[in-house]
Each structure stands twice: as C-alpha cells, then as structure tokens.
Amino acid sequence: MINVVIIGAGIGGLALAQGLRGHGIEVVVYERDAHRDDRLDRYRLAINPAGSRSLRACLPDQQWQMFLDTAGRPGGGFGFLDSDLRELVVVEDPIMYPQVTDPAERSYPVDRHTLRGILLDGLGDAVRYGKTFDRYELAADGRPTAHFADGTSATGDILVGADGINSRLRAQYLPAATLRDTHAIGVGLKLPLDTDTRTWLPTRLGQGMNLIMAAAPYFLFTSAFERQQPAGDDYLLCAFVARDDQLPTHPERLDGTRLKAHIASLTTDWHPALRQLIDRCPPDNVSAFPFRASDRPAPWTPSRVTVLGDALHGMPPTGGNGANTALRDAALLTRQLSQVARGQLPLLDAIGDYEAEMREYGFQAVDVAMETLRQGLTSNPVDMFFSRTWFRFCNLAAPLRRVTFGNSWAKVSAPREWERAVTTPIHTR
C-alpha cells in the first residue's frame, strides 16, 4: 500500500485527497491555515465540464450530490457590453457548452467557500492544520520527508505540492520553473444581490457573466451567483482588471475605500449604473492582487515528488480555468496512483505520465488565460472598432455567434483520451 503526503488544502489538494481515499490510498493533507474556516473568501467559480468531470471522478456519491445541490442557478450566458451598457453580443449557454444529459459534463456556477467545504467533508483528521511547509528531504530510497515550520515532519511514498502559485515545494523541486509579471492588476469586488440591489441593477448585470469593454486598458467583469434555493446570500462578483500603470504602485496595500475611489476616477464617463455598482460594493469586500503567470518549464525527470494546480501552471483568472485545471490534475493523478496501488503501473512511470499530460493541458490553459487578458486590455481604437462591430453582427444571428464563439469555452474543457475511460472510485471509507 502506498501513502501520499499533500501540501496545501486548496481545491486541487482536497480533490486529490478525496480521490485517493476513494481508491483506498492512505493520504494526509498538511495546511498552513490554523483552522478549517480560516479561509472565508467567498467568490463565484465557473466550474466547466473539465472541472465537473474531475469532481465526479474524485468525489464519493454523497459529496457529488452535495455539489449538484449547492451549485448556483445555471444560465444567463456571457454578455459583452460597452461602458454605456449597450449590449454588443450575448452568447447563450448552449453555444458556450453543448447541451448534454450527463451532469458530470455540464458547467456550474459555484461558491468557492461552499465547494471547499464539500471537499473537506469526510476527510476528518486526514487534514492537519497549522502546518507551514518549509522544505523536503529525500531518503536513499527516494522516499520524501516534508519538514514544517513547527519542527515536525511527515514521510510518505509520494509528496505532492498543491500549495498555490507561491509554492515553496515547487521552488525547491523545480527552481527553473519561474513566474512572470503580466503587468495587470485585478481588483475584486462583491455586491450583495438582494431586493434593494435588484431595484436599480440593470437586468443583464444580474445574470450570467458579463464583460464590460472600455476604450481603455481596463475592463470590468461581472458574474452573478444565485443559489437554487434562496438563502439570502446571493451576490454579484466583480473584477476590475487594469494594466498596472493605471493603478497606484502596490495597489494590494490599499484598503477597499481607496481602491474604489481610484476605480471611480477611471470610470467617470461610464454608465451611472456601473459607477453605482462600484460605489455600493462594501469596502471590506474589495481587494487588489497582481496577476502573474507561470512560464512553461522544460520537462524534468520524474521522482516521488510532484506538483499540481497553480503550484506549476499558475495563471490569471481571465478565462476561468485555474480551479478547473487543478481539479483535472487531481483526477489524473488519482487515476495514475490508483493504478500504482493495484500493481498495474510502476510508480515513477505513473508520475512521469501524469506530469507530461498535466504540462500539456495545464499550459494550454495558461495560454488561453493570457490571450483573454491581452484582448481585454486592448485599447487600440482600430481593434476596438472592429471587435465591437463584429460582436454587433454576431448579436443579430445565432449562426454567427456559434461560428465565432462555439469553440471558445468548450475547447479547453473537452475530454482528453484518459478522461473517456475514468476509473470508478472504490470509496472504501
């Protein structure tokens, strides 16, 4: 029997833990947060078919059903609007993702905090809190031991770094795997979607996802999260994304009030409802973060140490593929290690095949995110004119929308060969 040590209790690390336990593999997750509920960040994630497929492969039936029951209301499409709220084009959901009957092949809006809670359920003491990873060492036989800042350690057959874009494990394991500055900043805002908000918020902004295109090097993204059963905590997630020279130096050090004031100074000629939206967002729910992206590393020799998610293929949130790609990593690594546990694959072959495949689709997602970011920040008047004109044409005819956008979302989440034959979890818990 093999045992696995996972560093980081984010979406990807927890999905991997669930998947491995479902195949009877011993696993312990080490998390630097002191308590389960230290992460109270709540924002909407768009789980695409790749993410859904991966969750179905990793989760026990009960947790999978909880995921379906707590997902937000589907629908609303993706709207492109100008800063006067004139509708350029709205891409319907069936164009974004083909309609299917299998729930594991659909897309879902979810609340990140709720999803993390589902992934934690059932793991119990397999998640150890207050454990900040410091370094690892390899024994003569290659088995890794993780050392933590409190002086404790943990040894396993495999060590997995799922500790995010600033991964300490990756820094030690793959020092040549570098990050680059995208020269873009995201300011996250959140507005309660309550009865009062609905009285003044334009209907289009209160549904689906929308991109507000400005003739400037910044844009506004909005995404509505509404529960299927009303619980009084629906919200509109907003992200104001700008080239870094449009914001003060080190905007991540500014409080919500100052960030909102700066955004207001950049959007004085925007539609009053958009300015009201920004003004009404509670300052406590406003924060800035620089966008960074991972550089594609050269292939490396596989070992008993590996990585998943943002720890290797970190990307800006444009495109919405970060969490989905981490979930795909978890499903693939679960598949590979379950074959090792059954004696069907040598360990290093299984990890090497995982890493080769993960690099392929992971950096495809990074490329999509970077291209989406570049398009959003375009302020060239000629490019803007042609884009808006074409979008208006597309809005007039569904065939044009299908030709233009039909592959934009589905390509990244389309099943890969190994996903067409997912190994069914044993769920021995």
J.: Locate the shortest heavy-atom distance separating Ala17 from Val29; write the atom from each residue and the value.
T.: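 Minimum heavy-atom separation between Ala17 and Val29: CB-CG2, 3.6 Å.
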J.: Side-chain contact test, heavy atoms from C-beta onward, threshold under 4.5 Å: evaluate it for Val90 versus Gln207 and give yes or no.
T.: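 No, their side chains stay 4.5 Å or more apart.
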J.: Of all heavy-atom pairs between Ile6 and Gly13, which one has the smallest distance, and what is that distance?
T.: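 That would be CD1-O, 3.7 Å.
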J.: Quick check against the 3.5 Å criterion: does Asn324 have a side-chain atom that pairs as donor or acceptor with the backbone of Ala46?
T.: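 Answer holds: yes.
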J.: Is the centre of the Phe221 ring less than 6.0 Å from the centre of the Phe219 ring?
T.: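 For Phe221 and Phe219, the ring centres are not under 6.0 Å apart.
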J.: Rounded to the nearest 0.5 Å, what separation is found between the OG atom of Ser287 and the CZ atom of Arg253?
T.: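 Here the rounded value is 15.5 Å.
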J.: Write out all pairs satisfying salt bridge (Lys or Arg N to Asp or Glu O under 4.0 Å) with one or both partners inside residues 95-109, taking only residues at least two apart or from two chains.
T.: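 Sorted pair list: Arg53-Glu105.
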J.: Without swapping roles, check the side chain of Ser387 against the backbone of Asp383 for a donor-acceptor pair under 3.5 Å.
T.: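 Yes, the answer is positive, given that a donor and an acceptor are paired below the 3.5 Å cut-off.
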J.: Less than 4.5 Å apart, side chain to side chain, heavy atoms only: is that true for Asp279 and Arg275?
T.: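 No. Closest side-chain heavy atoms not under 4.5 Å.
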J.: Do Thr325 and Asp310 have side-chain heavy atoms sitting under 4.5 Å apart?
T.: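 The answer is no, as the side chains (C-beta and beyond) never meet within the 4.5 Å cut-off.
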J.: Is it the case that over 12 heavy atoms from other parts of the model lie below 6.0 angstrom from the CD atom of Gln344?
T.: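 Correct, the count exceeds 12.
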J.: For Pro346, check side chain to side chain contact (heavy atoms under 4.5 Å, CB included) against everything at least two apart and list the hits.
T.: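 With sequence neighbours excluded, Pro346 shows a side chain to side chain contact (heavy atoms under 4.5 Å, CB included) to Asp349, given in chain and number order.
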J.: Tell me the ring-ring contact (aromatic ring centres under 6.0 Å, His included) pairs involving residues 336-374, sequence neighbours left out?
T.: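 Qualifying pairs, neighbours excluded: none.
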J.: Excluding sequence neighbours, so at least two apart, what forms side chain to side chain contact (heavy atoms under 4.5 Å, CB included) with Arg135?
T.: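 Arg135 satisfies side chain to side chain contact (heavy atoms under 4.5 Å, CB included) with Glu137, His147, Gln172 only.
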J.: What distance do Leu373 atom CG and Met315 atom CE have between them, rounded to the nearest 0.5 Å?
T.: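 Result: 13.0 Å between the selected atoms.
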J.: Would you say Lys260's side chain and Pro283's backbone share a donor-acceptor pair under 3.5 angstrom?
T.: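 No.
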J.: CZ/Arg21 to CG/Leu59 distance, rounded to the nearest 0.5 angstrom?
T.: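 Taking CZ in Arg21 and CG in Leu59, the distance rounds to 12.5 Å.
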J.: Under 6.0 Å between the ring centres of Phe67 and Tyr108?
T.: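 Yes, ring centres under 6.0 Å apart.
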J.: Is there a side chain to side chain donor-acceptor pair (under 3.5 Å) between Asp150 and Thr152 once you walk through the steps?
T.: CA-CA 6 Å; Asp150 63 1; Thr152 61; 2.6 Å; yes
J.: If the threshold is 4.0 Å, N to carboxylate O, is there a salt bridge linking Arg73 and Asp234?
T.: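 No salt bridge links Arg73 with Asp234.
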J.: Between Gln18 (side chain only) and Leu119 (backbone N and O only), is there a donor and an acceptor less than 3.5 Å apart?
T.: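 Side chain of Gln18 to backbone of Leu119, a donor-acceptor pair under 3.5 Å: yes, one is there.
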J.: Are Val110 and Thr70 close enough that some pair of their side-chain heavy atoms sits under 4.5 Å apart?
T.: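 SC-SC contact between Val110 and Thr70 ruled out.
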J.: Do Asn285 and Tyr43 make a side-chain contact, defined as non-hydrogen atoms from C-beta onward lying under 4.5 Å apart?
T.: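 In short, these two side chains do not touch, never coming nearer than 4.5 Å.
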J.: Please give me the minimum heavy-atom distance between Ser294 and Leu179, naming the atom from each residue.
T.: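 Shortest heavy-atom separation between Ser294 and Leu179 comes out as OG-CD2, 3.4 Å.
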J.: Under a 3.5 Å threshold, yes or no: a donor from one side chain and an acceptor from the other, between Thr378 and Asn380?
T.: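 The criterion, which ignores hydrogens and geometry beyond distance, is not satisfied for Asn380 and Thr378.
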J.: Will you find, in the side chains of Gln375 and Glu371, an N or O donor that is under 3.5 Å from an N or O acceptor?
T.: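 Yes, Glu371 and Gln375 have a side-chain donor paired with an acceptor closer than 3.5 Å.
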J.: Can you check side chain to side chain contact (heavy atoms under 4.5 Å, CB included) on Asp111 and Tyr235, steps first, answer last?
T.: CA-CA 10 Å; Asp111 177 76; Tyr235 57 86; 2.6 Å; yes
J.: Go through the steps to decide whether Glu226 and Leu193 satisfy the test side chain to side chain contact (heavy atoms under 4.5 Å, CB included), and finish with yes or no.
T.: CA-CA 8 Å; Glu226 299 179 90; Leu193 271 181; 4.2 Å; yes
J.: Got a sec: does the CZ of Arg258 have more than 12 other heavy atoms crowding it under 6.0 Å?
T.: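 No, the 6.0 Å shell around CZ holds no more than 12 heavy atoms from other groups.
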J.: Answer yes or no: is there an ion pair linking Arg56 with Asp61, defined by an N-O contact shorter than 4.0 Å?
T.: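 A salt bridge is present here (some side-chain N lies under 4.0 Å from a carboxylate O).
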J.: Compare all side-chain heavy atoms of Pro251 with those of Val187 and state whether any distance is below 4.5 angstrom.
T.: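 No, too far: nothing below the 4.5 Å cut-off.
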J.: Would you say Thr182's side chain and Phe291's backbone share a donor-acceptor pair under 3.5 angstrom?
T.: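 Judged by distance alone, yes, a pair lies under 3.5 Å.
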J.: State, yes or no, whether a side-chain contact exists between Arg296 and Val366 at a heavy-atom distance under 4.5 Å.
T.: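 When only atoms from C-beta onward are counted, Val366 and Arg296 do not touch, as no gap falls below 4.5 Å.
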J.: Decide side chain to side chain contact (heavy atoms under 4.5 Å, CB included) for Leu274 and Leu205; before the verdict, give the C-alpha distance in whole Å, the side-chain angles of both, and the deciding distance to 0.1 Å.
T.: CA-CA 9 Å; Leu274 292 171; Leu205 295 183; 3.8 Å; yes
J.: Can you give each donor-acceptor pair under 3.5 Å made by side-chain atoms of residues 153-168, sequence neighbours left out, with the distance rounded to 0.1 Å?
T.:
{"unit_1": "Thr155", "atom_1": "OG1", "unit_2": "Thr145", "atom_2": "OG1", "d": "2.6"}
{"unit_1": "Asp157", "atom_1": "OD1", "unit_2": "Arg143", "atom_2": "NE", "d": "3.1"}
{"unit_1": "Asp157", "atom_1": "OD2", "unit_2": "Asn3", "atom_2": "N", "d": "2.8"}
{"unit_1": "Asp157", "atom_1": "OD2", "unit_2": "Asn3", "atom_2": "ND2", "d": "3.0"}
{"unit_1": "Asp163", "atom_1": "OD1", "unit_2": "Ser167", "atom_2": "OG", "d": "2.5"}
{"unit_1": "Asp163", "atom_1": "OD2", "unit_2": "Ser167", "atom_2": "OG", "d": "3.2"}
{"unit_1": "Asp163", "atom_1": "OD2", "unit_2": "Arg168", "atom_2": "N", "d": "3.2"}
{"unit_1": "Asp163", "atom_1": "OD2", "unit_2": "Leu169", "atom_2": "N", "d": "3.4"}
{"unit_1": "Asn166", "atom_1": "OD1", "unit_2": "Arg292", "atom_2": "NH2", "d": "2.4"}
{"unit_1": "Ser167", "atom_1": "OG", "unit_2": "Leu169", "atom_2": "N", "d": "3.3"}
{"unit_1": "Ser167", "atom_1": "OG", "unit_2": "Arg170", "atom_2": "N", "d": "2.8"}
{"unit_1": "Arg168", "atom_1": "NH1", "unit_2": "Phe133", "atom_2": "O", "d": "3.0"}

J.: Quick one: pull up CG in Asp33 and NZ in Lys131 and give me the separation to the nearest 0.5 Å.
T.: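 Reported value, rounded in 0.5 Å steps: 14.0 Å.
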J.: Would you compute the distance between atom CE of Met66 and atom CG of Leu115 and round it to the nearest 0.5 angstrom?
T.: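 CG of Leu115 is found 10.0 Å from CE of Met66.
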J.: Could you give the distance from CG (Leu312) to CZ (Arg359), rounded to the nearest 0.5 Å?
T.: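 Going from the CG atom of Leu312 to the CZ atom of Arg359 covers 8.0 Å.
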J.: Can a donor-acceptor pair be found, under 3.5 Å and without considering hydrogens, that links the side chain of Glu92 to the backbone of Pro94?
T.: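 No, the answer is negative, given that no donor and acceptor are paired below the 3.5 Å cut-off.
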J.: Which pair of non-hydrogen atoms, one from Pro192 and one from Thr197, has the smallest distance, and what is that distance?
T.: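 Result for this residue pair: O-OG1, 2.8 Å.
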J.: Output all residues satisfying side chain to side chain contact (heavy atoms under 4.5 Å, CB included) with Asp353, sequence neighbours left out; order by chain, then residue number.
T.: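 Residues passing side chain to side chain contact (heavy atoms under 4.5 Å, CB included) with Asp353: Gln336.
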J.: Can any side-chain N or O of Asn210 pair as donor or acceptor with the backbone N or O of Arg204 at less than 3.5 Å?
T.: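 Such a contact is found between Asn210 side chain and Arg204 backbone.
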J.: Taking the side chain as every heavy atom from C-beta outward, state whether Met96 and Ser107 have any atom pair closer than 4.5 Å.
T.: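 In short, these two side chains do not touch, never coming nearer than 4.5 Å.
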J.: Determine the minimum heavy-atom distance between Arg328 and Ser413, stating which atoms define it.
T.: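 Closest heavy-atom pair between Arg328 and Ser413: NH2-O, 3.7 Å.
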J.: What are the two closest non-hydrogen atoms of Gly206 and Ala224, and how far apart are they?
T.: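 Minimum heavy-atom contact is O-CB, 3.6 Å.
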J.: Judged by atom type as modelled, is there a donor-acceptor pair below 3.5 Å linking the side chain of Tyr173 to the main-chain atoms of Val305?
T.: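 Flag set: sc Tyr173 to bb Val305 pair under 3.5 Å.
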J.: Has His23 got a side-chain atom pairing as donor or acceptor with Ile25's backbone, closer than 3.5 angstrom?
T.: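 No, because the side chain of His23 does not come within donor-acceptor range (under 3.5 Å) of the backbone of Ile25.
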J.: Report the C-alpha distance between Leu377 and Gln246 in whole Å, list the side-chain angles of each, state the deciding distance to 0.1 Å, and finish with yes or no for side chain to side chain contact (heavy atoms under 4.5 Å, CB included).
T.: CA-CA 11 Å; Leu377 295 178; Gln246 300 296 302; over 6 Å; no
J.: Strictly distance-based, threshold 3.5 Å: is any side-chain N or O of Glu31 a donor or acceptor partner for the main-chain N or O of Arg36?
T.: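 No; judged by distance alone, with no hydrogens or angles, the pair does not exist.
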